[in-house]
Amino acid sequence: MARRTVAVVVLGLVVLSGAVACDGGREGAANCGTADLSWRVTRTSGDGRDAPAAVLSATNKGAARCALDGYPELNAHVGKAQGTTAKPRPGQGAAARVVLKPGGTVDFPLFYDPYPSGGYCFMDGFLSPSLYVTPPHPAPGDTGAPTELTDAKGRPLPAQVCGDDVLIGPARLR
């Protein structure tokens with residue numbers, strides 16, 4: 001009888017440890033909040049249709065791992081006038097959970113029209129549109145953070161959105 005009880009306990013521990021091992025690293029990684037992240041939007045050479053016009057990056061500046069579970073919210077607006085909120089790019093599927101180690105960075109490709117067609121832009125660069133980012137699943141009171149568009153060397157650029165939409169692609173760990 002004692003052997004049978006020991007075998008059941010050992011088997012139970014093996015099953016339990018297997019369940020923890022299959023968790024995919026979620027254990028101990030709370031959702032990233034604005035205080036954990038440093039955001040950056042970098043203009044690329046893409047046309048916004050086939051190749052991203054920019055990349056939204058988040059770096060974990062905290063001391064612990066944290067997770068991004070979904071798409072961040074990126075808002076571009078000119079005062080209380082024109083504005084748009086990034087939407088997931090059709091056909092890309094759901095955003096996967098990404099766990100960031102301290103110092104780790106994740107990139108989200110941004111697809112939008114950065115060039116005026118026929119001389120018109122929905123949010124022209126000379127109007128100085130503001131960019132604001134909120135992490136996915138923010139905690140109550142987490143209102144996000146402002147960021148700016150830069151070139152690859154970190155120099156500020158005017159944020160110009162010529163179409164009505166900004167589409168965001170799935171996360172890619174660096």
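A quick note: this is a predicted structure, and the numbers were derived from the prediction, not measured.
- When atom types are taken as modelled, the side chain of H137 and the backbone of D69 share a donor-acceptor pair closer than 3.5 angstrom.
- Put simply, NE2 on H77 and CG on L131 are 8.0 Å apart, with the number rounded to the nearest 0.5 Å.
- At least one side-chain heavy atom of L74 sits under 4.5 Å from a side-chain heavy atom of L110.
- In terms of heavy atoms, P170 sits closest to Q92 at CD-OE1, 3.2 Å.
- Counting non-hydrogen atoms of other residues, nucleotides and ligands closer than 6.0 Å to NZ of K61 gives a total above 12.
- Partners of R43 according to the side-chain contact (heavy atoms from CB on, under 4.5 Å) rule, which considers only residues two or more places apart in sequence or in another chain, are A53, Y112, P114, Y115, L149, L157.
- Take P88 and apply the side-chain contact (heavy atoms from CB on, under 4.5 Å) test, not counting sequence neighbours, and it matches Y71.
- The distance from the OG1 atom of T147 to the CG atom of L37 is 11.5 Å, given to the nearest 0.5 Å.
- Within the 4.5 Å cutoff, the side chain of E73 has heavy atoms near those of the T85 side chain.
- Hydrophobic cluster of V55: no remaining members, since no ILVMFWY side chain lies below 4.5 Å from it.
- Here the closest non-hydrogen pair linking A67 and A29 is CB-O, 4.0 Å.
- Side chain of D36 to main chain of G62: no donor-acceptor pair is present (N/O by atom type, distance under 3.5 Å, no hydrogens or angles).
- Every residue meeting the side-chain contact (heavy atoms from CB on, under 4.5 Å) condition with V106, not counting sequence neighbours, appears here in chain and number order: A58, L68, V98, L100, F108, A171, L173.
- Contact detail for K153 and R40: the closest heavy-atom pair is C-NH2, 4.3 Å.
- Rounded to the nearest 0.5 Å, atoms SG (C32) and CZ (R65) are 10.5 Å apart.
- The shortest side-chain heavy-atom distance between I168 and P72 falls under the 4.5 Å cut-off.
- Within the structure, side-chain hydrogen bond (donor to acceptor under 3.5 Å, both in side chains) contacts touching residues 157-174 (residues at least two apart or in different chains) are S57-R174, K87-D165, D107-R174.
- Between R97 and N31, the closest heavy-atom pair is NH1-OD1, 4.2 Å.
- C121 has its side chain out of reach of D113: every pair of non-hydrogen atoms, C-beta onward, lies at least 4.5 Å apart.
- Shown here for G125 and P129, the closest heavy-atom pair between the two residues is O-CD, 4.0 Å.
- With sequence neighbours left out, Q82 forms a side-chain contact (heavy atoms from CB on, under 4.5 Å) with V78, F122, M123, L127.
- Taking each heavy atom of P116 and C162 in turn, the nearest pair found is N-SG, 3.3 Å.
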